[in-house]
Amino acid sequence: MKIATWNVNSLNVRLPHLLDWLKTASPDLLGIQETKTTDDKFPRDAIIAAGYQPICNGQKTYNGVAILSRLSTAPQDMVTQLPDMLDDPQRRLLAATYGDVRMINVYIPNGAEVDSEKYHYKLRWLRALVAYLKTELRNHPKLAIVGDFNIAPEDRDVHDPKSWEGSVLVSPAERECFQQLVSLGLVDSFRLFEQAPELFSWWDYRAAAYPRNHGLRIDHILVSPKLATACQSCHIDPTPRQWERPSDHAPVIAEFT
DNA sequence: ATGGTAGTTAAACTA
């Protein structure tokens with residue numbers, strides 16, 4: 001089984017890329033973020049025609065998440081809000097169970113600038129996420145949480161740690177929240193394996209960041225201990241980032257026995 | 001320290 005994540009930065013613009021990538025990568029479960037579309041405008045037919053069953057939690061203009069599945073089991077126990085953030089209008093979470101696998105897809109807030117209002121919203125969101133995962137891990141031995149975390153967990157996940165010091169995506173408080181997820185037993189599947197240095201999942205559109213590989217690894221597939229033992233590989237697929245009019249993120253895909 | 005680009009949406013917001 002393959003589980004993947006991709007921030008597509010507008011499903012409307014990126015649908016052709018998504019369909020092409022599904023054909024070659026053929027994930028069984030894919031979490032997508034920043035769909036930027038409401039559920040009534042979700043391109044359901046095109047995705048079903050590609051062999052995938054979608055569920056979505058969309059929003060106009062900003063945010064929006066979805067899960068695509070080519071498994072035979074129907075999604076169950078769908079969740080669209082963090083229990084501690086029920087009044088949050090931003091669509092950033094979608095969870096569902098496929099057979100015995102709990103799939104949680106997140107688009108964690110960016111945070112704008114350290115100490116800004118958006119940054120504190122990000123930390124609030126992360127604390128609510130940690131509390132939610134504590135419960136979810138109790139209920140689901142086989143759990144994967146995937147998505148755009150907007151956190152580079154360590155300096156080796158940053159092209160130039162010095163220039164990023166004090167910024168969102170790398171600040172100590174954000175990294176501490178990521179470590180709290182790890183403390184719950186979640187495993188960064190990418191780091192289960194030997195990886196080349198300077199592998200990133202996001203590159204700014206500006207200043208030719210991609211050709212210079214000025215990137216960060218902020219898109220992750222974290223798995224419960226039981227799934228970690230079944231994990232065979234995890235890699236970032238940079239090819240869609242090289243296509244014409246790309247998302248600023250590359251997909252990440254992990255394989256399980 | 002600012003601006004560089006992209007998406008959505010119509011001048012500004014988010015990333």
Side-chain angles (χ1 to χ4, degrees), chain A residues 5-21 31-43 46-47 56-66 82 85 88-94 105-126 129 146-153 157-171 173-175 177-178 200-220 236 238-252:
Chain A
T5 178
W6 193 9
N7 180 325
V8 295
N9 186 16
S10 168
L11 189 51
N12 184 41
V13 172
R14 228 68 65 194
L15 182 62
H17 283 197
L18 175 64
L19 296 175
D20 282 352
W21 188 75
I32 60 178
Q33 304 88 36
E34 284 205 89
T35 57
K36 299 185 176 179
T37 190
T38 49
D39 294 349
D40 57 307
K41 290 183 178 154
F42 191 89
I47 283 165
C56 51
N57 181 23
Q59 177 183 341
K60 192 180 174 181
T61 311
Y62 303 119
N63 311 312
V65 287
L82 289 172
M85 302 273 295
D88 187 1
Q90 301 190 32
R91 313 324 278 174
R92 296 180 174 277
L93 178 101
L94 184 58
N105 180 28
V106 293
Y107 175 45
I108 292 177
N110 171 282
E113 281 178 39
V114 170
D115 266 342
S116 66
E117 195 177 317
K118 289 195 178 75
Y119 179 77
H120 291 293
Y121 165 70
K122 179 179 195 172
L123 294 181
R124 230 172 35 245
W125 207 95
L126 282 164
L129 182 66
V146 312
D148 177 357
F149 283 64
N150 271 314
I151 300 173
D157 301 311
V158 181
H159 71 93
D160 182 0
K162 270 247 158 63
S163 73
W164 274 85
E165 206 175 331
S167 302
V168 291
L169 316 191
V170 306
S171 76
E174 294 166 65
R175 284 177 164 175
C177 290
F178 188 90
F200 308 120
S201 67
W202 169 82
W203 303 259
D204 200 302
Y205 283 122
R206 298 165 289 190
Y210 184 70
R212 297 169 170 195
N213 198 29
H214 289 181
L216 276 73
R217 191 176 71 92
I218 57 175
D219 300 271
H220 307 295
I236 300 164
T239 53
R241 188 63 177 80
Q242 296 155 18
W243 294 343
E244 198 175 332
R245 207 182 178 190
S247 166
D248 45 351
H249 294 253
V252 186

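Computed over heavy atoms, backbone and side chain alike; hydrogens, waters and symmetry mates excluded. Proteins get letters first, then strands, A, B, ... in listed order; numbering begins at 1 in each.
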Exercise. Counting only side-chain N and O atoms of A:Arg245, is one of them less than 4.0 Å from OP1 or OP2 of B:dG7?
Worked result: yes

Problem set entry | Residue closer to the 5' end of DNA chain B, A:Asn150 versus A:Thr35 (nearest nucleotide) | A:Thr35

Exercise. Taking for each residue the nucleotide of DNA chain B with the nearest heavy atom, is it A:Val13 or A:Lys118 whose nucleotide lies nearer the 5' end?
Worked result: A:Val13

Exercise. When you check the phosphate oxygens OP1 and OP2 of B:dT8, does a side-chain N or O of A:Ser10 lie under 4.0 Å from one of them?
Worked result: yes

Exercise. For the residue pair A:Asn63 and A:Gln90, what are the closest heavy atoms and their distance?
Worked result: ND2-OE1, 3.4 Å

Problem set entry | Worked check of side chain to side chain contact (heavy atoms under 4.5 Å, CB included) between A:Ile32 and A:Leu11 | CA-CA 9 Å; A:Ile32 60 178; A:Leu11 189 51; 4.1 Å; yes

Problem set entry | Side-chain N,O (A:Arg14) to OP1/OP2 (B:dA6) below 4.0 Å | no

For this session: Check the angle between the aromatic planes of A:Trp243 and A:His17 and answer parallel, tilted or perpendicular using the 30° and 60° thresholds.
Result: perpendicular

Problem set entry | Nearest-Å distance for atom pair NZ/P, residues A:Lys36 and B:dT9 | 9 Å

For this session: Round to a whole Å and report the spacing from OH of A:Tyr62 to C1' of B:dT8.
Result: 7 Å

Exercise. How is A:Arg241 classified with respect to the nucleic acid when contacts are heavy atoms under 4.0 Å: base, sugar-phosphate, or nothing?
Worked result: nothing

For this session: Could you work out which one of B:dA15, B:dT9, B:dT8 sits closest to the side chain of A:Asn12?
Result: B:dT8

For this session: Rounded to whole angstrom, note down the P distance from B:dC13 over to B:dA1.
Result: 23 Å

